[in-house]
Amino acid sequence: MPKANSTSSPKTAVVILAAGKGTRLRSKHPKVLHEVGGKPLLAHVIAAASKVVPARDVFAIIGYEAERVRSAVEASGVGFILQQEQRGTGHALMVAREALASYDLVIVLYGDAPLITAKTIEQLRDFHLAKKAAMTVLTARLENPNGYGRIVRTKAGSDDVRAIVEQKDLKPAQQKIHEVNSGFYAFGFKALFGQIDKLGTNNRQGEFYLTDMAAILTRAKQRVVAIETRDAYEVLGGNTRAELSEIDHHMRMAKCRQLMDEGVTILYPETCVIDSDVEVGADTVIEPSVQLRGSTRVGRDTRIGSYSVILSCEIGDEVLVQTGCVLEHSVVRARASLGPYSHLRPGCEVCEEAHVGNFTELKKTRLGKGSKANHLTYLGDTEVGEKVNVGAGTITCNYDGVSKHKTIIEDGVFVGSDSILIAPIRIGRGAYVAAATTVTEDVPPDSLALGRARQIVKEGWAKQKREEKAKAHKAK
Ligand code: UD1
Ligand code: CA
């Protein structure tokens, strides 16, 4: 009797190979942590796998920089298997034998091929079960098959595979084959582990190739079949920086198409950088050269101006973000407006109908409903109430060199231009701060704080100065 996750299907594990160093990237970082579409290669593969089986049945095989890889993706809830020494893709499976002992069906994915979808993994699984195969390999026909293992079918048009031959081991006649190995397979547990010890290292790289299982199983009279995917892009692997760039581009264009399908206008989509997890509401307009990154969510009827870079922010409906804003880890509520050239550092909340203008920087600051900080202002660690006007050039001195202090500006306050607010400080409801005041003491509600030096006027001073100068010049 098959061990089952549900009553009908065989108990299935998905194993993701992610132990390699990625020599061809010439990087100090492990290959599977290189990013496409704004997140690590491996995170994309895990996301697809976890739609097919529960995360607890997904196992990542890690080795090179194992702890870094583990901590980058462990929130996904998948299991990890350590491949201490990386002796090839076949060796990675040998190491996993014990961890997989309770499963009937083992689906193998490669952690450097992030375009794979849950739908295709399911097709691979269903084809494997329908054909009652020992091993099924997903293949694709690539115009340029360079670098990939090639599929040798028993005869043209047949489902059956005789062997998978690595690029470096191709015979001249096999150079013409355009059908490539994706690195995604389904194996019967018994078929795989019953024969895996027959793998050897007699090849150009001296590694245990998982691909050799095709020939080994065929020789053992077990069935090996191939299913060709329609979307050849899904098999692309990122071994080099150029391949990563191609995958990244493909992923981002697909993301733009998805958003456009959902009702978003994107002007010159090829200039925009939109990460895979970003969400945008209908009738929002994204101008050219915008970056929407991380977990950013944008509402409906909003406009995002050119050259704005938005990292993991929540932007509401009908918001206007003008040209050149940099917004990080902040919330912008409905009908607020920002920019041009505003900067929200992490921890800000710009409430409904509030305005943040040019060259204004906010950090850990809440700007209440309908309040404005329109020009050349810095507000840090500040609570601003509703309908407050912060004049041009106002700054909070929130840092005394040792610790940060809070500024509280209550509802309806008017802060005159060029004021300096030395925190900790509170400006009471409805108060006025005269322009150019240095506020060092709390201001009671409804009062006026005036803290600048009294003006002195010396009549005729400039004229006299000019005359003296002219006289001195003549005397020379
Ligand atoms: C592999 C396939 C090739 C296929 C291509 C598809 C083999 C021998 N070749 O080649 O047929 O066309 O993928 O992209 O399988 N890894 C480990 N442990 C190891 C070695 C590798 O976990 O000991 C991992 C790597 O981190 C990587 C994946 O396995 O995520 C594939 O390894 P890689 O070296 O990239 O194989 P390719 O040369 O691309
Ligand atoms: Ca690869």
Show, in sequence, the C-alpha distance, side-chain angles and deciding distance for Tyr103 and Asp57, and conclude whether the side-chain hydrogen bond (donor to acceptor under 3.5 Å, both in side chains) test is met.
CA-CA 9 Å; Tyr103 294 92; Asp57 295 322; 2.6 Å; yes
Within the distance-only criterion (no hydrogens, no angle test), does the side chain of Asn203 pair as donor or acceptor with the backbone N or O of Asp169 below 3.5 angstrom?
no
Have Lys171 and Gln174 got a donor and an acceptor in their side chains that come within less than 3.5 Å?
no
If we check salt bridge (charged side-chain N to carboxylate O under 4.0 Å, His left out) with Asp275, which of these qualifies: Lys39, Arg252, Arg297?
Arg252
Taking side chain as C-beta onward, heavy atoms only, is Phe59 less than 4.5 Å from Leu100?
yes
Report yes or no: is the cationic atom of Arg70 (NZ for Lys, CZ for Arg) closer than 6.0 Å to the six-membered ring centre of Phe80, at no more than 45° off its axis?
yes
Nearest 0.5 angstrom please: Ile310 CD1 to Arg293 CZ, how far?
11.0 Å
If you compare all heavy atoms of Gly316 against all heavy atoms of Thr302, which two are closest, and at what distance to 0.1 Å?
O-OG1, 2.8 Å
Only one of Asp400, Asn398, Thr396 passes side-chain hydrogen bond (donor to acceptor under 3.5 Å, both in side chains) with His405, and that residue is Asp400
Dump the intermediate steps for side-chain contact (heavy atoms from CB on, under 4.5 Å) on Val15 and Ile61, then the final yes or no.
CA-CA 7 Å; Val15 179; Ile61 301 196; 3.5 Å; yes
For residues 309-320, pull every pair meeting side chain to side chain donor-acceptor pair (under 3.5 Å), keeping only residues two or more places apart or in separate chains.
Ser295-Ser312
With distance as the sole test, does Thr240 use its side chain to make a donor-acceptor pair with the main-chain N or O of Arg24 at under 3.5 Å?
no
Side-chain donor or acceptor of Glu243 paired with backbone N/O of Asn239 under 3.5 Å
yes
Can you confirm whether the side chains of Glu234 and Thr120 place a donor and an acceptor under 3.5 Å from each other?
yes
Sole candidate of Arg153, Lys155, Lys221, Arg223 that passes salt bridge (charged side-chain N to carboxylate O under 4.0 Å, His left out) when paired with Asp160:
Arg223
Do Glu207 and Arg87 sit within salt-bridge range, that is, some charged N less than 4.0 Å from a carboxylate O?
no
Please check if the side chain of Ser337 supplies one atom and the backbone of Leu320 the other of a donor-acceptor pair under 3.5 Å.
no
side-chain hydrogen bond (donor to acceptor under 3.5 Å, both in side chains) between Arg150 and Gln175, intermediate numbers included:
CA-CA 8 Å; Arg150 310 301 156 74; Gln175 308 271 4; 5.2 Å; no
Assess whether a salt bridge exists between Arg345 and Glu361, defined as any Lys/Arg side-chain N lying under 4.0 Å from an Asp/Glu carboxylate O.
yes
Output all residues satisfying side chain to side chain contact (heavy atoms under 4.5 Å, CB included) with Gln86, sequence neighbours left out; order by chain, then residue number.
Ala19, Tyr64, Gln83
Testing the basics here: between Thr296 and Leu311, what is the closest heavy-atom pair and its distance to 0.1 Å?
OG1-C, 3.6 Å
Taking only residues two or more places apart in sequence, or in another chain, which ones meet Phe187 in a ring-ring contact (aromatic ring centres under 6.0 Å, His included)?
Tyr185
Can a side-chain donor-acceptor contact be found between Thr139 and Glu228 if the only test is distance below 3.5 angstrom?
no
Which atom pair, heavy atoms only, marks the closest approach of Leu109 to Ala49?
CD1-CB, 4.1 Å
Flag the pair Ile266 / Ile274 as yes when at least one side-chain heavy-atom distance between them is below 4.5 Å, and no otherwise.
yes
Can you run down the ring pair (Phe, Tyr, Trp, His ring centres under 6.0 Å) pairs that involve residues 18-57, sequence neighbours left out, and say none if there aren't any?
none
Give me each pair satisfying ring pair (Phe, Tyr, Trp, His ring centres under 6.0 Å) with a member in residues 327-362, each pair once, sequence neighbours excluded.
Tyr341-Phe359
Please name the residue in the list Lys363, Lys369, Arg366 that meets the salt bridge (charged side-chain N to carboxylate O under 4.0 Å, His left out) test with Glu349.
Arg366
Listed partners of Tyr233 passing ring-ring contact (aromatic ring centres under 6.0 Å, His included), at least two apart:
His250
Between Tyr148 (side chain) and Gly237 (backbone), is there a donor-acceptor pair under 3.5 Å?
yes
One thing to verify: whether Arg97 and Asp197 come together as a salt bridge, which I'm taking to mean a side-chain N less than 4.0 angstrom from a carboxylate O.
yes
Any donor and acceptor pair, going by atom type alone, linking the side chain of Ser50 with main-chain N or O of Ile46 inside 3.5 Å?
yes
